[in-house]
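Since the structure comes first, as structure tokens, the remarks are kept for the end.
Counting begins at 1 with the first residue of the sequence.
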Amino acid sequence: MNGPEFIARAVATGSVFDFSVGAKLAAVDKKITLDYIEEFQGRRGKRSLRRDYGLFEVTFIGEPEWVCQSVVLEIHRLSSMPDLADKVKGLTGIDLAPYTAWSDVEDELQRLGGSQPFDPPSVTQEYRTYRSKTTGVSVHVIGDPASARGVYPGHGDIWSLDIVDPKFL
């Protein structure tokens, strides 16, 4: 699987690596074999747990069962961390490029079975953000025409994806 296909599937399903918002930590641990950095925030009984796996971050709430609250795919890290793509490919078989154009993901979404129902994009000087209330996914695309590919993605490339419960969009 290549990067646009992986991202399109995340957009279409609201999940990555076969888990999504609402999954319990024990189930996520069975599906994800990547190393991570773990951070707890808050007071015992009302804490959150954030795991940073490099390519993505997952936030859990509801101690002691720890239920997934959100997932952030940090696509921009691939351009500044070349070893990250190799590590992900070795563990998952997904072939990720340093940059992924939103237009390539849109093409893949069409191939997978039609367009995703997005709200009209919110636009700032830096980003165009596409939201799907169906899957809970927000896609942040570099909107600044002066942004060129280099250490970071350029104009039209995906910066990140946020996945949350659709009722919060």
If you compare all heavy atoms of [X] against all heavy atoms of [Y], which two are closest, and at what distance to 0.1 Å?
{"X": "Leu73", "Y": "Ala10", "answer": "CD1-CB, 4.1 Å"}
{"X": "Pro166", "Y": "Lys133", "answer": "CB-O, 3.0 Å"}
{"X": "Ser70", "Y": "Val164", "answer": "CB-CG1, 4.0 Å"}
{"X": "Thr100", "Y": "Pro4", "answer": "CG2-CG, 4.1 Å"}

Once the angle between the rings of Phe17 and Phe56 is folded into 0 to 90°, is it parallel (under 30°), tilted (30 to 60°) or perpendicular (over 60°)?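 Ring orientation of Phe17 relative to Phe56: tilted.
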
Would you call the rings of Trp159 and His76 parallel, tilted or perpendicular if under 30° counts as parallel and over 60° as perpendicular?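 Geometry flag for His76 against Trp159: parallel rings.
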
Assess whether a salt bridge exists between Asp29 and Arg51, defined as any Lys/Arg side-chain N lying under 4.0 Å from an Asp/Glu carboxylate O.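 Salt bridge present between Asp29 and Arg51.
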
Separation between CG of Asp86 and CG of Leu96, rounded to the nearest 0.5 Å: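 Here the rounded value is 10.0 Å.
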
Hey, what do you get for CZ (Phe40) to OG (Ser48), rounding to the nearest 0.5 Å?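 Between atom CZ of Phe40 and atom OG of Ser48 there are 9.5 Å.
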
Side chain to side chain donor-acceptor pair (under 3.5 Å) partner of Arg50, chosen from Glu39, Gln41, Glu38: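 Among Glu39, Gln41, Glu38, the one meeting side chain to side chain donor-acceptor pair (under 3.5 Å) with Arg50 is Glu39.
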
Result of checking Val141, Asp144, Ile142 against Tyr127 for side-chain contact (heavy atoms from CB on, under 4.5 Å):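 Only one option passes, and that is Ile142.
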
Sort out for me which residue in Arg131, His140, Glu57 forms a side-chain contact (heavy atoms from CB on, under 4.5 Å) with Asp162.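 Among Arg131, His140, Glu57, the one meeting side-chain contact (heavy atoms from CB on, under 4.5 Å) with Asp162 is His140.
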
Residue pair His155 / Ser147, side-chain donor-acceptor N/O under 3.5 Å: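 No, because no side-chain N or O of His155 sits under 3.5 Å from a partner of the opposite role on Ser147.
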
State yes or no: do [X] and [Y] share one hydrophobic cluster built from I, L, V, M, F, W and Y residues joined by side-chain heavy-atom distances below 4.5 Å, directly or via other members?
{"X": "Val123", "Y": "Leu161", "result": "no"}
{"X": "Ile75", "Y": "Met81", "result": "yes"}
{"X": "Val72", "Y": "Val88", "result": "no"}

Given 3.5 Å as the limit, does a donor-acceptor pair link the side chain of [X] with the main chain of [Y], or not?
{"X": "Ser79", "Y": "Val151", "result": "yes"}
{"X": "Asp165", "Y": "Phe168", "result": "no"}
{"X": "Tyr99", "Y": "Gly150", "result": "yes"}
{"X": "Arg47", "Y": "Glu63", "result": "no"}
{"X": "Thr135", "Y": "Val11", "result": "yes"}

Apply side-chain contact (heavy atoms from CB on, under 4.5 Å) to Tyr36 and Val58, showing your working. CA-CA 10 Å; Tyr36 57 86; Val58 183; over 6 Å; no

Report the C-alpha separation of Val28 and Trp66 in whole Å, then their side-chain angles, then the decisive distance to 0.1 Å, and conclude whether the side-chain contact (heavy atoms from CB on, under 4.5 Å) test is met. CA-CA 10 Å; Val28 173; Trp66 297 116; over 6 Å; no

